[in-house]
Amino acid sequence: MKTVVNLTQQSVVGEIESVLDTYPSHPYQQALAIPDLRQELIAFVLNRLPSFYNVMSDGQIPLAEAKQGSLAYYKLPRKPFEQQIHLQNLIHQGICLIIQEKSDWISNHLCETVEPACEPSHWFG
């Protein structure tokens with residue numbers, strides 16, 4: 001039996017991780033760690049790129065791993081510099097768009113941790 005692997009998706013997910021590492025933790029990395037927002041970013045980028053697939057036989061990849069979607073080690077062939085820049089720009093656009101459109105929702109779901117020593121006491125009115 002053969003398995004079809006979406007190489008574009010695996011490559012995009014890896015590149016999103018790299019690009020997100022350049023952003024501050026709050027709110028960007030924390031917000032896009034939320035599964036729904038991460039999926040929205042992945043969909044935003046994938047909808048603007050052509051897809052590349054590869055067919056792999058059972059001997060190349062265990063079926064259990066294919067079903068679990070843990071095919072991250074399969075990457076697209078080396079991309080020319082322009083394609084890499086285009087992909088990174090799409091990711092940056094998607095991040096900005098999602099953060100802007102969902103800012104109220106994000107602020108309701110992300111609570112900054114406050115250190116007790118830094119918060120004023122409410123005991124004294």
Side-chain angles (χ1 to χ4, degrees):
M1 187 165 122
K2 297 195 181 241
T3 303
V4 176
V5 178
N6 185 339
L7 297 176
T8 305
Q9 182 175 354
Q10 298 304 320
S11 182
V12 165
V13 168
E15 194 63 36
I16 285 173
E17 293 295 326
S18 297
V19 170
L20 269 177
D21 284 344
T22 67
Y23 280 81
S25 175
H26 184 80
Y28 299 96
Q29 291 182 22
Q30 291 176 1
L32 291 162
I34 299 169
D36 289 343
L37 296 182
R38 178 62 63 101
Q39 281 304 119
E40 194 171 327
L41 178 59
I42 292 169
F44 176 89
V45 175
L46 286 175
N47 285 334
R48 288 157 179 80
L49 290 174
S51 291
F52 297 97
Y53 296 90
N54 193 11
V55 178
M56 299 188 177
S57 65
D58 287 340
Q60 288 178 299
I61 181 168
L63 187 57
E65 286 185 20
K67 287 181 181 175
Q68 293 172 3
S70 60
L71 300 170
Y73 58 90
Y74 287 97
K75 299 281 185 189
L76 287 174
R78 277 277 186 220
K79 299 176 271 303
F81 182 71
E82 294 82 19
Q83 290 177 342
Q84 185 76 15
I85 295 299
H86 178 66
L87 175 57
Q88 290 175 354
N89 283 336
L90 285 174
I91 294 169
H92 288 295
Q93 289 171 15
I95 290 170
C96 290
L97 183 72
I98 290 168
I99 296 293
Q100 285 176 348
E101 287 182 353
K102 311 276 184 176
S103 62
D104 291 337
W105 187 87
I106 290 169
S107 24
N108 288 334
H109 284 79
L110 293 182
C111 298
E112 282 192 77
T113 16
V114 178
E115 294 181 31
C118 298
E119 188 175 345
S121 174
H122 300 288
W123 284 12
F124 303 109

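Pairing each heavy atom of Leu37 with each of Leu32, the nearest pair is O-CD2, 3.8 Å. In terms of heavy-atom proximity, Thr22 sits nearest to His92 at OG1-CE1, 4.5 Å. The two residues Leu110 and Pro27 have their closest heavy-atom pair at CD1-O, 3.9 Å. Shown here for Leu41 and Ile91, the closest heavy-atom pair between the two residues is CD1-O, 3.9 Å.
For the side-chain contact (heavy atoms from CB on, under 4.5 Å) with Gln88, the lone residue among Val45, Ile16, Val19 that qualifies is Val19.
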Would you check, one step at a time, whether the test side chain to side chain contact (heavy atoms under 4.5 Å, CB included) holds for Ile34 with Trp105?
-> CA-CA 11 Å; Ile34 299 169; Trp105 187 87; 3.9 Å; yes
Between Phe44 and Arg48, does a side chain to side chain contact (heavy atoms under 4.5 Å, CB included) hold up when you go through it step by step?
-> CA-CA 7 Å; Phe44 176 89; Arg48 288 157 179 80; 3.3 Å; yes
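Atom CD in Gln100 sits 6.5 Å away from atom CG in Leu97 (nearest 0.5 Å). Going from atom CD1 of Ile98 over to atom CZ of Arg38 covers 10.0 Å, rounded to the nearest 0.5 Å. For the atom pair CD (Glu15) and CD (Glu17), the distance works out to 10.5 Å, reported to the nearest 0.5 Å. To the nearest 0.5 angstrom, Leu20 atom CG is 4.5 Å from Ile95 atom CD1. For the atom pair Glu82 CD and Asn89 CG, the distance stands at 12.0 Å (nearest 0.5 Å).
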